[in-house]
Structures are given as C-alpha cells and as structure tokens.
S.K.: 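To start, I am sharing the structure in question, which I have written as structure tokens.
Side chains are part of it too, since the values below use all heavy atoms of this structure and drop only hydrogens, waters and symmetry mates. In what follows, chains carry the letters A, B, and so on, assigned in the order in which the sequence lines appear, proteins first and then strands, with residues in each chain numbered from 1.
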Amino acid sequence: MLKYLLRRVLISIPVLLMITIIIFTLMEIAPGDIVDYFRPPDLVMTEEAAQALREKFGLDQPPAVRYVQWLGSVLQGDLGFRFTDGEAVSTVIGRRLGASLLLMGSALAIGILVGVPLGVFIGQKQYSFWDLSLTGVSFLGISTPAFITGLIALLIFSVKLGWFPAGGMRPVTSEPTVWTTIRHLALPSLVLSLSFIATFMRYTRFSMLEVVRMDYVNTARAKGLSNRFVTWRHIVPNAILPVITVIGLSIPALVVGAVFTETVFSWPGMGSLYLEAVRGRDIPLLMGMTLVIAIFVLGANILTDLAYAVVDPRIRYD
Amino acid sequence: MWKRRLTLTLLLSLLLALAIAPAQAQEAGGGGTLVGAFDVGPGGLNKAIPFMDTAGRTWLSKIWSPLISWNEDMSALTPQLATEWSSNEDSTVWTFKLREGVLWHDGEPFTADDVVFSLNLALNPEAATSFPGFSSLSAELVAAVTAVDDHTVQIELTQPNPRLPFFMIFAWVLPEHALADLNPADYQTTDWFFTTPIGTGPFMHEEYVADQYWSLVPNPNYWNGAPKLDHLINRYFADETSALVALQSGEINFTYVSGDVYEQLQSDGYQIFDGPSGVTNYIILNLRNPAFQDARVRQAFLYAIDRQAIADTVLKGTAVVVPCISPFPNMWPDASELNDYAYNPDMAVQLLTEAGYDTAAAWELVTYYSSQFHQDAMAAQQAFLGQAGVNVVPLVQDVPTYNSYFYTGEGWDLSYRGVGVNYGNFPFNFYVPGGQPTTDGEPLQGQSFPELQALIDAARVESDSDAYLGLLQDICKFQNENALEGYMWTAIRFGAASDNLQDFYWFPAAGGGPFEDHAELWSVNG
C-alpha cells in the first residue's frame with residue numbers, strides 16, 4: 001500500500017508541472033494583460049507608461065523565463081504578489097481557501113448525509129410514490145442554477161422572514177462567533193447542497209438497483225435474514241463503490257468553489273477569486289490557485305483509490 | 001452641615017457630569033452606525049488605494065482628504081485641503097494655499113511637505129503609480145513640486161495647463177512622517193493602507209477584514225467638524241443584486257442600484273439619489289474602413305437608430321440622448337445649431353444609397369460592456385440598423401481583450417463604448433494624432449480633421465472659463481454636423497438609502513468623485 005502511495009505521488013509531480021505549464025501557456029495565448037486590464041476607457045495611458053508597468057510586473061521578460069522564475073519562487077515557498085492589488089498570493093489563497101472549504105465542505109457533507117440514505121431508501125422501492133417523487137425533485141435540484149435558488153432563498157429567508165443574514169461570512173458590527181458563522185453559512189450551504197443531494201441520491205439509487213437483484217442478495221434473503229441486515233450488510237457495501245467515485249470526484253469542488261453561489265451570497269471563496277484572476281490577467285494569482293487546486297485534485301484521486309481498498313476487501317494495491 | 005455640603009457637592013458634580021457628557025458625545029459620534037455598499041456599481045472599486053486606482057474615490061475620501069474635490073453635483077471644484085489656488089498668466093506655475101490647523105489622524109500636523117511628498121510619490125514610476133487615474137499629471141509634464149512655506153505648495157509645469165486643478169482631485173495627500181521610509185517600489189505591496197492607514201479625512205481606520213468590510217470611526221480632529229456617526233462601514237458585495245437584497249433586509253443602509261429597481265425602492269420609502277453618470281455611450285466608427293469615411297453613412301447610423309425610443313423604453317427612461325461626445329448640456333451649443341437626428345429610417349436608407357453603402361456587408365459591434373442595460377441597448381441598435389440595411393453583430397469581450405487591440409486602431413470596425421467627459425477632463429486625446437497609441441499614428445478613429453484640431457488646440461490652452469466652454473460647444477457642433485461618431489446617450493445612475501439616514505448624500509460621480517458629501521453630518525436615526 002505504501003509503495004503504491006509513493007508511486008502515485010511521484011507520478012503526480014510531472015502531472016502537476018504539466019498542468020501549470022498548460023495554464024501558464026493559456027494565459028500567454030489569451031489576449032490582453034494586466035496593463036490592458038488597468039487601462040480605462042476615458043483616460044490616456046501612454047505607451048511609455050504602459051511599458052513601465054509591464055517592466056514593473058516583469059512582463060517584459062520572455063514567457064519561458066517568467067515560468068522558470070515562478071517555479072523557482074514556488075520551490076522556495078513564495079507564490080508572489082497579486083498583480084491587481086499587490087496582496088501576497090499565499091495570503092489571499094489561504095483566506096479564500098478557508099472560506100471555500102467551509103462552504104463547500106458543509107454542502108458536500110449535507111449532500112452525502114442526506115443524498116446517500118435517500119438513494120438507499122428509494123433504491124429499494126423502485127417506481128414507488130417516494131421513488132418517483134424524489135427522482136423528480138432530484139431532477140429539479142440538478143437542473144436549477146444555484147444563482148436562481150440562491151436568490152429565491154435570500155428573498156424568502158432573509159428579506160421576507162429575516163431568519164438568515166443576506167450574504168457575507170460574518171457580522172460587520174460585532175465579532176464573529178460559532179453561532180453567527182452557522183447563521184451566515186446556512187443558506188449558501190443548503191442551496192449548494194441541493195445539487196449534491198440530488199446527484200448522490202441518483203447515483204446511490206442506480207447502484208442499489210444494480211446490486212439488489214444479485215444472486216447473493218436473493219440467497220441472503222432466502223436464508224431468512226432480516227431486510228435491514230441484508231440491506232446494510234450485503235447491498236449497501238457493494239452499492240457504495242460507484243458512489244465513492246462520485247464523491248471523490250466532488251472533492252476538488254471543495255477548493256474550486258462555486259462562482260454563482262459565492263457571488264449571490266457575497267461569500268469570499270475560491271470560485272469568485274478564480275474569475276477575478278482571469279478577468280484581471282492576474283498571472284501570479286492564477287498560477288498559485290492552479291497549483292493549489294491541482295494538488296487537491298490529484299490528492300483527491302489518490303484518496304478515492306485508497307478508499308476503494310478500505311471498502312472493498314477484494315481490492316489490493318500491493 | 002457637612003452632610004448637606006457633601007450632598008450639594010455630589011449633586012453639582014452629577015449635574016456637571018450630565019452637562020459634559022452630551023457635549024462630548026456631540027463632538028464625535030453618537031449618530032449610530034452606517035453600513036453602506038460604497039464600492040458597488042460604477043464608481044466603486046473594492047480595496048482601492050490612493051494613486052493606484054481609477055475608482056473607489058467615494059470611500060477613499062472618507063480616510064484621505066484630497067487637495068480639491070468636486071462639489072455636490074460635479075458642477076464646480078470645491079476646496080478640501082487646498083483652500084485656494086491660482087496660476088501665472090500662461091498656466092505653467094500653479095500655487096496652492098493649504099488649510100491651516102489640519103491634523104493627521106495620529107495628531108501630527110499636516111504641512112506642505114506632506115503634499116510635496118505625496119505628489120512626488122504619485123509621479124514616481126518606481127512606485128508604479130502611473131496608473132491612468134493620475135497619468136494626466138505625468139512626470140514629464142511636471143518640472144517641480146516645491147513647498148514655498150508650511151502652507152503653500154507650488155507646481156511648475158513644462159507646458160501650460162489651465163485645467164490643472166481639475167486633475168488635483170486625484171491628488172490624495174499621504175503622511176510623509178508615516179511613509180517616508182517606505183521604498184517607493186514597495187508602495188504597491190505594502191499592507192499599510194489596510195492595517196495602519198493615517199489620513200486627514202473625516203473618519204479613521206478601525207478594522208479592515210479583507211473581502212468583507214472596512215470599518216471606520218470618527219476623526220474628532222476633522223478640519224470640517226467631528227463626524228456624528230459612531231461607525232462608518234463599507235461592506236463588500238460581489239454584485240449589486242446581493243447588495244440590494246442586503247439593503248431590503250435592513251442589513252445595510254445604502255447601495256448603488258440599477259435603473260430598473262429605483263422606482264420600486266422609492267415607493268417603498270427608500271431615499272433615492274440620482275444624477276448623470278458623466279459617461280457618454282456612443283458607437284465609434286473606424287474611419288480607416290472606407291465604408292465609414294463618407295459622412296452620409298455616419299449620419300445614416302444616427303437617423304436609423306431611434307435613440308429616444310431606446311432611452312425611453314429599453315433603458316426605462318434612465319438615459320438622456322446626447323448630440324455629441326459631451327454628456328452635459330452646458331457643453332452643447334444652442335439647440336438651433338444642432339441636428340437632433342430624430343428617428344428617420346427613410347432618410348437613413350436614402351443617405352446610405354447616395355453614399356453607395358454596401359448593404360451586404362456585416363460588421364462586428366464590439367464592446368466591453370457586459371451588463372444587461374447595455375446588452376439590451378445593443379440588441380435594439382442591431383435591430384434598428386438592420387432595418388436600414390446596416391448589418392451589425394454585437395460582440396462582448398472582457399476588458400483586457402478589448403483593450404489589447406482597440407487603442408491600436410486595428411482589428412475593429414465598430415465599437416459601442418463609453419467615455420467619461422467633464423469640464424476639466426475632456427478626451428481631446430481621442431481626436432488628435434498621437435493622442436492614443438495607434439499603430440499608424442492617426443487619431444483613434446483613424447482620420448484627422450483640421451477644423452477639429454484647431455478647436456482642440458485652442459481649448460487646451462484657453463484659461464478663460466467662458467471662452468473654454470465656448471470652444472467645447474464649437475467642438476460639439478462640429479462632431480454633431482459631421483456625425484463623427486454615433487452619439488447615443490448618457491445614463492442616469494441611482495443610489496438608494498434607508499429612510500432612517502439623516503443628512504446623508506451621494507452622487508453617482510464617475511470613479512466615485514471625490515465629491516463634497518459632508519460625511520461629517522451623516523447620522524442614523526433609531
């Protein structure tokens with residue numbers, strides 16, 4: 001297992017480098033740079049001033065030199081400074097990552113805790129009232145954009161009922177507490193969890209339907225075992241494998257964030273930051289975020305593979 | 001007896017304390033907490049710092065007083081840290097008298113040395129402050145900035161500039177005693193502006209929580225009187241819809257709002273503040289393209305588009321049709337001297353036919369505007385032009401993409417865009433050779449007009465304000481006659497405040513002003 005893990009980590013390093021090279025190249029190919037971002041429509045910026053700014057940001061150097069310089073800094077633990085406002089990239093990523101992990105983590109947790117049991121439930125009652133109802137609701141959950149459900153939730157629960165704050169991460173007139181954090185987190189995480197619940201429920205249902213007809217399940221039932229025992233001891237452990245894959249694929253969302261939900265709820269996460277970085281051609285920020293996200297994605301893939309071995313004794317990585 | 005004396009003494013002490021307490025409260029604070037979304041919408045910019053940004057000045061002016069600002073409605077300049085200013089005859093030497101008795105937030109006195117330090121920092125390319133907001137006062141145009149005495153600053157220019165005071169509204173003043181040791185090259189990355197900033201403005205820094213809010217407390221030493229508010233908080237929102245929801249839920253007291261919601265808010269009891277954006281929206285036609293070189297084609301564009309109908313219906317009456325690049329009526333000549341280009345599709349077709357315009361041609365109408373307001377306007381323009389036989393296809397690009405080629409004069413035929421124009425900052429550079437970094441050295445639009453050039457040359461050095469305004473009107477008349485560009489409208493912008501705000505004021509100034517809003521008088525009832 002350890003050998004397998006080491007091999008996977010070593011393989012991940014060149015993959016990581018390739019990802020950063022691809023993103024860097026894409027940013028180089030994209031028209032415009034930070035100076036073009038700052039050039040306003042109604043004032044004049046001379047070419048000399050523009051050139052001076054490019055030199056200030058190091059953009060007068062060839063792309064290959066800049067990439068190597070960036071990589072050298074990263075190896076020394078320095079992600080550089082944002083072009084747009086001069087803040088240290090590590091500081092802003094650290095701040096936004098925490099916010100994203102909190103929001104996406106809680107949404108994902110709700111998605112798993114609600115979606116998987118519901119999937120198990122309706123997976124045993126195919127074409128029943130509950131199956132059809134929850135499947136219909138799940139389609140609605142998957143197909144409704146988060147910014148619509150977000151706005152509706154805000155209008156009902158913040159503006160009309162006043163139960164929850166209208167966005168933001170903390171109160172502005174007092175110090176944050178666990179309770180204020182929960183209140184600020186509730187609406188955006190519930191809105192985000194809708195699609196997770198729907199997705200996990202549907203995958204679990206499908207997987208349950210596959211397993212529930214297996215011969216060994218029929219044998220277990222024929223032996224007179226209780227329905228609950230058969231479900232949780234024989235069906236669910238075998239049906240859960242594909243669901244783990246889906247959950248594993250969802251883990252990168254923890255760090256990628258959710259642009260629309262973050263925007264609607266003014267939640268300062270990674271999704272909106274990535275958008276800011278692209279719009280501002282903020283290469284240091286974009287590269288820093290790419291690095292962090294890529295590490296999470298590769299790490300999540302390894303973790304998912306390891307989880308298979310834990311859940312299914314047939315899988316071994318020796 | 002001693003008991004009576006003691007009781008009397010205590011009673012007098014109590015009365016004295018009660019008398020003093022409200023007096024102290026009136027000096028600074030007592031007016032509640034005002035939470036606003038001051039950086040939402042046009043004019044705002046989260047995390048703006050002096051000299052670096054082209055917007056966010058409404059908020060910046062709460063901490064850092066500028067030398068000069070606009071007055072309440074941007075119709076004239078008003079003194080801030082500079083109380084009066086004058087120039088020599090040819091406007092090459094300007095003298096600014098500074099307000100006396102002003103203190104920095106840390107109690108240090110404000111002097112002319114601070115102004116000299118700040119202006120030199122702003123002009124220092126090492127500090128990367130040559131961002132566009134201040135580039136009009138570039139280092140090449142300034143020969144020297146000197147402190148004549150503790151309260152007088154002199155600026156020597158390398159060429160005449162009668163409108164220099166209008167650029168001084170961007171001249172924020174920073175404390176030399178706090179920043180003298182800062183390497184100019186570190187100006188961009190220092191966290192001083194968000195951790196221990198010191199200014200001379202009405203409010204002092206209390207707490208900055210990145211991406212969330214910036215909280216200020218009143219400056220008891222503010223030169224225009226101590227503010228009434230206990231706290232002034234700028235809360236950051238990703239977009240105006242989120243801020244609107246926060247306003248309606250009572251979490252904030254003020255935000256910028258779009259033109260489609262202000263009426264509802266007004267009927268709900270909110271205070272509405274409106275004013276001209278100072279930005280003219282227009283279609284620029286690239287005259288390097290032979291198809292647009294004939295003035296009749298350009299005039300046909302104006303006749304073909306029912307600008308008034310778009311302003312009234314699509315833009316819901318929140319835009320005013322303009323006759324030229326100037327958005328303000330005082331820069332327009334008498335209406336009798338202007339062609340109103342009232343909607344006339346037959347005339348448009350006739351002019352296009354006379355000019356031999358190829359109706360099979362199709363052009364991209366590029367823009368950097370992504371808001372629904374402008375998307376709707378462009379769709380209407382496309383429909384109207386199509387009816388006259390001019391085929392255009394709107395194309396939205398992000399700002400860096402658009403800017404990467406637009407100012408070279410190449411790669412575009414038509415563009416729907418906006419330009420901020422005011423009395424002190426007219427975009428002369430758009431109309432003169434070399435004014436923009438075009439690859440062929442021609443003006444942005446691709447063609448020089450000697451008559452227009454002569455008017456611009458005269459206006460640039462005209463120091464008499466009436467004569468200057470007359471020249472701007474002549475420029476407007478020339479643009480209108482020749483349909484130099486497809487002049488559309490200037491938008492009206494809105495802000496909404498809760499009804500419990502007292503003496504609050506806001507104006508939709510381009511870039512956030514700065515303008516005179518007397519923040520020291522603001523308070524919140526209840």
Side-chain angles (χ1 to χ4, degrees), chain A residues 30-50 52-53 55-57 81-82 84-88 91-92 95-96 99 147 150-151 154-155 158-160 162 164-173 262-268 272-273 278-281, chain B residues 33 35 47 49 52 54 125-126 128 130-133 135-136 138 185 187-191 209-213 215 231 233 235-239 241-243 245-246 248-252 279 368 397-405 407 417-421 425 427 429 435-437 510-511:
Chain A
D33 60 17
I34 182 66
V35 178
D36 293 314
Y37 171 75
F38 276 121
R39 194 191 298 262
D42 50 350
L43 289 169
V44 178
M45 178 184 252
T46 63
E47 265 317 281
E48 290 75 26
L53 270 181
E55 285 173 21
K56 171 92 182 165
F57 289 124
F81 293 92
R82 285 184 74 168
T84 44
D85 63 16
E87 189 176 15
T91 306
V92 67
R95 189 172 65 238
R96 297 291 194 108
F147 66 88
L151 279 176
L154 276 173
L155 283 174
S158 294
V159 177
K160 297 291 177 196
F164 297 102
M169 245 184 101
R170 53 165 289 174
V172 296
T173 52
E262 287 172 11
T263 303
V264 169
F265 290 96
S266 301
W267 191 271
S272 48
L273 186 66
V278 173
R279 281 181 182 158
R281 303 293 190 271
Chain B
T33 296
V35 184
K47 214 182 174 186
I49 67 171
M52 286 274 295
T54 57
E126 277 294 300
S130 50
F131 280 87
S135 64
S136 301
S138 64
Y187 176 84
Q188 195 197 358
T189 53
T190 179
D191 62 359
V209 179
D211 309 319
Q212 302 273 321
Y213 65 88
S215 175
H231 288 90
I233 298 173
R235 192 170 147 187
Y236 298 129
F237 291 89
D239 70 356
T241 308
S242 309
V245 170
Q248 291 177 311
S249 68
E251 286 185 27
I252 62 172
V279 173
Y368 49 83
Q397 297 174 324
D398 73 354
V399 171
T401 301
Y402 179 91
N403 284 351
S404 68
Y405 69 90
Y407 295 98
R417 60 195 314 277
V419 63
V421 183
N425 190 14
N429 287 288
Q436 291 289 328

S.K.: Measure A:L273 against the heavy atoms of chain B and call it side chain, backbone, both or neither at under 4.5 Å.
M.R.: neither
S.K.: Can you tell me which portion of A:D85 sits under 4.5 Å from chain B's heavy atoms? Options are side chain, backbone, both or neither.
M.R.: both
S.K.: Using heavy-atom distances under 4.5 Å, tell me whether A:F164 contacts chain B through its side chain, its backbone, both, or neither.
M.R.: backbone
S.K.: Is the backbone N or O of B:E126 less than 3.5 Å from a side-chain atom of A:K56, with the two atoms forming a donor-acceptor pair by type?
M.R.: yes
S.K.: At a 4.5 Å cut-off on heavy atoms, which part of A:R95 comes close to chain B: side chain, backbone, both, or neither?
M.R.: side chain
S.K.: Under a 4.5 Å heavy-atom cut-off, does chain A meet the side chain of B:Y213, its backbone, both or neither?
M.R.: side chain
S.K.: If you take all heavy atoms of B:S249 and A:S158, which pair is closest and at what distance?
M.R.: CB-O, 3.7 Å
S.K.: Can you confirm whether A:T173 sits close enough to B:H231 that some side-chain heavy atom of one is under 4.5 Å from a side-chain heavy atom of the other?
M.R.: no
S.K.: Among A:E55, A:R96, A:K160, A:R279, which residue has the highest count of heavy-atom pairs closer than 4.5 Å to chain B?
M.R.: A:R96
S.K.: Please classify the contact between B:A243 and chain A as side chain, backbone, both or neither, with a heavy-atom cut-off of under 4.5 Å.
M.R.: neither
S.K.: Quick one: what part of A:R170 sits under 4.5 Å from any heavy atom of chain B, side chain, backbone, both or neither?
M.R.: both
S.K.: Is there a donor-acceptor pair closer than 3.5 Å between any side-chain N or O of B:Q212 and the backbone N or O of A:M169?
M.R.: yes
S.K.: Heavy-atom pairs under 4.5 Å with chain B: which of A:A50, A:A166, A:P165 has the most?
M.R.: A:A166
S.K.: Top residue by heavy-atom pair count (under 4.5 Å) with chain A, among B:P400, B:G511, B:S404?
M.R.: B:P400
S.K.: Counting heavy-atom pairs closer than 4.5 Å to chain B, which one of A:V159, A:T91, A:I34 comes out on top?
M.R.: A:V159
S.K.: Which atoms of A:T263 come close to chain B, meaning under 4.5 Å heavy atom to heavy atom: side chain ones, backbone ones, both, or neither?
M.R.: both
S.K.: Of the non-hydrogen atoms in B:Q188 and A:R82, which two are nearest, and what is the gap between them?
M.R.: NE2-O, 4.5 Å
S.K.: Indicate the atoms forming the closest heavy-atom contact of A:D36 with B:N403, along with that distance.
M.R.: O-ND2, 2.7 Å
S.K.: Apply side-chain contact (heavy atoms from CB on, under 4.5 Å) to the pair B:T241 and A:V264, showing each step before the final yes or no.
M.R.: CA-CA 7 Å; B:T241 308; A:V264 169; over 6 Å; no
S.K.: List for me each residue that meets salt bridge (charged side-chain N to carboxylate O under 4.0 Å, His left out) alongside B:R235, sequence neighbours excluded, and say none if there are none.
M.R.: B:E251
S.K.: Strictly distance-based, threshold 3.5 Å: is any side-chain N or O of B:S242 a donor or acceptor partner for the main-chain N or O of A:S266?
M.R.: no
S.K.: If I measure from the heavy atoms of chain A, does B:V245 come under 4.5 Å with its side chain, its backbone, both, or neither?
M.R.: both
S.K.: Does either side chain, that of A:R281 or that of B:T401, offer a donor lying less than 3.5 Å from an acceptor on the other one?
M.R.: yes
S.K.: State which residues pass ring-ring contact (aromatic ring centres under 6.0 Å, His included) with B:Y402; sequence neighbours excluded, sorted by chain then number.
M.R.: B:Y368, B:F406
S.K.: For each of B:K47, B:Q248, B:Q397, tally heavy-atom pairs with chain A at distances under 4.5 Å, and name the one with the top tally.
M.R.: B:K47
S.K.: Sort A:P171 into side chain, backbone, both or neither according to what part of it lies under 4.5 angstrom from a heavy atom of chain B.
M.R.: backbone
